[in-house]
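Following: one structure in structure tokens, then a few remarks.
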Amino acid sequence: KYNLIQTIHHYDYALELSNRNTLIRSHINVDTGMSRFGIYLHHSKEQVAVVQEIQKIGSLPNVLVEGLYTHFADADNPDSNFTEYQYQLFASLSEELHGQGLHDLVLHACNSSATIRFPKMHMNMVRCGIAMYGYPQVKTKLDLQPCMSVFGKVTDLRVIHIGDTVSYVRQHEAKEDEVVATISIGYADGYLRANTNKDFFLYQGKYLHQIGKVCMDAMMVNATGTDLKIGQFIEIFGKNKTATVVAKHTKTIEYEVLTNLSSRVKRFYLK
């Protein structure tokens, strides 16, 4: 219906596509070391079998093979040996296919990190992912900006006193009088419970520390010494405090922080 280009990772799937009796554009995925999808090519000795399988796919009446690709497993690593190895496997295969008559294929291998680090591996096309969100995983001189800011609304304010505790299982105890602000974001929105007692937020140049267990629909921050008011918004992450900070708190990567945001979070798109 939409003329989408299918990715093919083995002959059986290609055959299913062909049997639909509609011409399907496709790119063939080759597994050179990711061990996730693709025709298995972890060693040069497997190249003959891979060429044969690709030729079988190309001979199907309703499958138009337009491209060939692989995916790097370790392009973030300063040690580039494995990435170089994957690239050589893929380059050798593409040369063999060219010699067998498969010309003008779109060849691509580079994710964000490889796109930045290895220009010689760009081939016909690159596949930037996390860098497009403003979070490159390797050093770069490119002025990449975070693509989104996430805000939570202040829904309640209260003063608690010495010995008072906050949230489930009472993991924060006040050592002095504190102003507690309740913010309307929680783990059902994608703000991970693992942030409990680790995260912070910036408001008028001051650090507001997250306190107590993160709840399903809310979390609390220490707003002592601020003029924060009910109805105001604070930035959970974005331009001032990036998703990288949140990722470090929860020992994960920016991708997980960004993609965890649930459909409950309202989206506003700016041109």
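Atom set for the values below is all heavy atoms of this structure, side chains included, hydrogens, waters and symmetry mates excluded.
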Decide yes or no on side-chain contact (heavy atoms from CB on, under 4.5 Å) for Q6 and L17, but give the supporting numbers first. CA-CA 9 Å; Q6 286 285 296; L17 293 176; 4.0 Å; yes

Would you say the rings of H71 and Y69 are close, in the sense that their centroids are separated by under 6.0 Å? no

For the pair M123 and Y87, evaluate side-chain contact (heavy atoms from CB on, under 4.5 Å) and give the outcome as yes or no after the intermediate values. CA-CA 10 Å; M123 309 184 94; Y87 178 73; 3.9 Å; yes

How about M132: does its CE atom have over 12 heavy atoms from other parts shown lying under 6.0 Å from it? no

Would you confirm whether E53, through its side chain, and Y11, through its main-chain N or O, come within 3.5 Å as a donor-acceptor pair? yes

Does any N or O in the side chain of T224 come within less than 3.5 Å of the main-chain N or O of V179, such that one atom is a donor and the other an acceptor? yes

Give a yes or no answer on whether the side chain of N19 reaches the backbone of E16 with a donor-acceptor pair at less than 3.5 Å. no

Between V180 and L157, does a side-chain contact (heavy atoms from CB on, under 4.5 Å) hold up when you go through it step by step? CA-CA 6 Å; V180 177; L157 286 167; over 6 Å; no

Please check: side-chain N/O of T115 versus main-chain N/O of N111, any donor-acceptor pairing under 3.5 Å? yes

Row check, Y168 ring normal vs K213 NZ/CZ: under 6.0 Å, within 45°: no

Do the side chains of K241 and D199 get close enough for a salt bridge, i.e. N-O under 4.0 angstrom? yes

Evaluate whether atom CG of D79 has more than 12 neighbouring non-hydrogen atoms of other residues, nucleotides or ligands under 6.0 angstrom away. yes

Working for side-chain contact (heavy atoms from CB on, under 4.5 Å), residues I160 and V166: CA-CA 9 Å; I160 65 173; V166 177; 3.8 Å; yes

Between the side chain of N77 and the main-chain N/O of D74, is any donor-acceptor distance below 3.5 Å? no

Looking only at atom types and distance, does a side-chain atom of S112 sit under 3.5 Å from a main-chain N or O of C128, one as donor and one as acceptor? no

Are the side chain of N260 and the backbone N or O of E256 linked by a donor-acceptor pair below 3.5 Å? yes

Might you confirm whether atom CZ of R170 has over 12 heavy atoms from other residues, nucleotides or ligands at distances under 6.0 Å? no

Answer yes or no: is there a donor N or O on one side and an acceptor on the other, between the side chain of N62 and the main chain of L23, under 3.5 Å? no

Kindly indicate, with the supporting measurements, whether the criterion ring-ring contact (aromatic ring centres under 6.0 Å, His included) is fulfilled by H108 and H122. CA-CA 7 Å; H108 47 109; H122 285 183; over 10 Å; no

Look at the side-chain heavy atoms of Ile, Leu, Val, Met, Phe, Trp and Tyr, link any pair under 4.5 Å apart, and say whether Y40 and M34 land in one connected group. no

Does OH in Y203 sit with more than 12 non-hydrogen atoms of other residues, nucleotides or ligands closer than 6.0 Å? yes

Would you name the heavy atoms of T242 and P146 that are closest together and state the gap between them? CG2-CG, 4.3 Å

Is there a donor-acceptor contact under 3.5 Å linking the side chains of H161 and D177? yes

Do any N or O atoms from the side chain of E46 and from the backbone of H43 form a donor-acceptor pair under 3.5 angstrom? yes

Among the clusters formed by ILVMFWY side chains lying less than 4.5 Å apart, do L228 and V159 turn up in the same one? yes

Using only atom types and a distance under 3.5 Å, with no angle test, would you say the side chain of Y255 pairs donor to acceptor with the backbone of I130? yes

Using a strict 4.0 Å threshold on nitrogen-to-oxygen distance, state whether R158 and E178 make a salt bridge. no

